[in-house]
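Down below is the structure, laid out as structure tokens.
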Amino acid sequence: MDPVKPRPTPRLVEVGPRDGLQNEKGLIPLDAKVAFVDALSETGLQEIEAGSFVNPKAVPQMANSEQVFARIKRKPGVLYSALVPNELGLDLALACKADKISVFTAASETFNQKNIKASIKDSIERFRPVVLRTRQAKLPIRGYVSTAFWCPFEGQVKPEKVVEVVKMLSGIGVTEFSIGDTIGKASPDEVRKLLFLLCKAVPKDSIFLHFHNTFGRAVANSIVAWKTFGITGFDASTGGVGGCPYAPGASGNVATEALVSAFKAAGSDTGIDEAKLKAAAVGLFKHLGRPVGARPPK
Ligand code: HMG
Ligand code: MG
């Protein structure tokens, strides 16, 4: 590929209000969550994962997602999506008028068992009616594949396994795939190896990359995916907030403002306002009681 040829404009999905905030130990006031989503809505982002409908005992920080959806100011043109693990979650998300639904499985069995108490195969069966009903409701559907490079329990994950799980999701009607580097350990070469196979299995535009930034490689990995394979879908979290409650040691997603800045430096304007993202992060971190970008205490 020509190294300086312009690439298509990246599409960023903001996952801070869900992936970011789900990992906070202290209670975040509802007003602060709503203000965070509202501030993000004004940045030029076109998609915001505003919450999840999971067992509140498993992830207490998401227990008030219903109220978040009810109180946010929806900006026309912005999609407000919700993460759900089963039909009960879907019922709640539909009642809240979520604009898009995401289901989530993994490429490693141990992680999936700990996260959603199911084997990969059983989780796909659990999602079958969720996907069907989402499509009947004419809403877009995304499927996450966690531990797509490394698993905190099983070590390195084979790219072939990820492709297999993506095909299973595709087989039940999922049309967008978010490929998770859950513990932020992937290297650019590992990203290349996986994308080399994955781009042959599903359309490039259906692939989103979901990099956590534990080892500081998330921006480099994103640029490699974009430059080398023309991948344009990336998840990110403003202020780099977050982690995963079921992945010990995982840090937050790559910061949205870092990706916006890196793509701009590489010649592509995402249309997202970096200064407004930073202001949204400042507003949020005031409630988290630590400086913007700092990780939560262990
Ligand atoms: P289970 O225990 O097998 O579920 O958990 P169950 O059906 O036996 O129900 C147990 C209890 O949960 C019941 O309540 C249900 O009503 C309730 P009880 O009778 O004990 O009072 N329940 C629910 N409540 C609200 N909404 C629901 C729901 N479902 C059941 N949807 C289950 C299975 C999947 C539900 C559970 O393990 C769970 O909720 N897990 C969530 C895990 C999670 O949210 N993890 C973080 C998100 S994934 C992630 O961060 C990775 C990602 O970012 C990508 C990456 O970085 O790799 C996406
Ligand atoms: Mg994540």
Side-chain angles (χ1 to χ4, degrees), residues 13-24 49-67 69 81-96 98 100-108 110-120 122-127 129-130 133 142-154 157 162 165-166 169 174 176-186 194 208-214 218 221 233-237 240-256:
V13 172
E14 170 68 39
V15 295
R18 193 280 304 170
D19 204 351
L21 299 190
Q22 74 181 6
N23 204 43
E24 290 296 319
E49 197 170 61
S52 68
F53 296 93
V54 301
N55 180 354
K57 288 193 193 115
V59 185
Q61 206 57 260
M62 290 291 107
N64 56 3
S65 290
E66 216 170 323
Q67 287 136 287
F69 270 89
S81 64
L83 185 79
V84 311
N86 52 20
E87 280 197 272
L88 174 54
L90 177 67
D91 291 339
L92 297 168
L94 293 179
C96 290
K100 177 172 176 177
I101 300 296
S102 300
V103 292
F104 55 113
T105 186
S108 77
T110 314
F111 180 84
N112 212 41
Q113 279 293 349
K114 287 189 191 280
N115 196 30
I116 55 171
K117 299 192 185 169
S119 67
I120 297 169
D122 288 350
S123 66
I124 300 287
E125 284 315 309
R126 198 187 274 172
F127 299 151
V130 176
R133 288 178 52 206
R142 150 183 279 214
Y144 282 97
V145 182
S146 286
T147 58
F149 301 91
W150 291 86
C151 168
F153 312 104
E154 294 181 18
V157 173
V162 181
V165 178
V166 165
L169 285 167
V174 174
E176 178 181 304
F177 312 96
S178 177
I179 307 301
D181 180 18
T182 314
I183 57 171
K185 201 175 166 180
L194 174 55
F208 280 68
L209 292 167
H210 178 104
F211 291 122
H212 284 256
N213 198 32
T214 318
N221 287 342
F234 297 94
D235 296 350
S237 145
V241 66
C244 176
Y246 293 90
S251 80
N253 299 85
V254 60
T256 313

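Every number for a ligand or one of its atoms is a count from 1 in the order of the listing. In this text the structure is predicted, and so the values were computed from the model without any measurement.
- The atoms of ligand 1 that sit less than 4.0 Å from any heavy atom of D19 are 50 (O), 53 (O).
- Here H212 contributes NE2 and D19 contributes OD2, and at the Mg ion (ligand 2) these two atoms make an angle of 100°, given to 10°.
- Heavy atoms of N55 found under 4.0 angstrom from ligand 1 belong to the backbone as well as the side chain.
- Listed by number with element, the atoms of ligand 1 under 4.0 angstrom from any heavy atom of K57 are 18 (P), 20 (O), 21 (O).
- Ligand-side atoms of ligand 1 in range of P56: 24 (N), 25 (C), range being under 4.0 angstrom from any heavy atom.
- Within the 4.0 Å heavy-atom criterion, neither part of M62 lies near ligand 1.
- At under 3.5 Å, a nitrogen or oxygen of R18, whether backbone or side chain, sits near a nitrogen or oxygen of ligand 1.
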In sequence, state the C-alpha distance, the side-chain angles, and the governing distance for N213 and S251, and then conclude on side-chain hydrogen bond (donor to acceptor under 3.5 Å, both in side chains).
CA-CA 6 Å; N213 198 32; S251 80; 5.9 Å; no
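- Annotation: R126 places no N or O atom under 3.5 Å from an N or O atom of ligand 1; distance criterion only.
- Backbone and side-chain nitrogen or oxygen atoms of T182 are examined, and one is located within less than 3.5 angstrom of a nitrogen or oxygen of ligand 1.
- For P85, no nitrogen or oxygen atom sits less than 3.5 Å from a nitrogen or oxygen atom of ligand 1, counting backbone and side chain alike.
- Close contacts between ligand 1 and G89 involve ligand atoms 31 (N) [criterion: under 4.0 Å to a heavy atom].
- Below 3.5 Å of separation, one finds no N or O of A58 facing any N or O of ligand 1.
- Residue-level proximity to ligand 1 for N86 is carried by the side chain, the only part with a heavy atom below 4.0 angstrom.
- The proximity of V59 to ligand 1, defined as any non-hydrogen pair under 4.0 Å, is limited to the side chain.
- Of all the heavy atoms of Y144, the ones lying under 4.0 Å from any atom of ligand 1 belong exclusively to the side chain.
- Distances from ligand 1 to the non-hydrogen atoms of V15 include no value under 4.0 Å.
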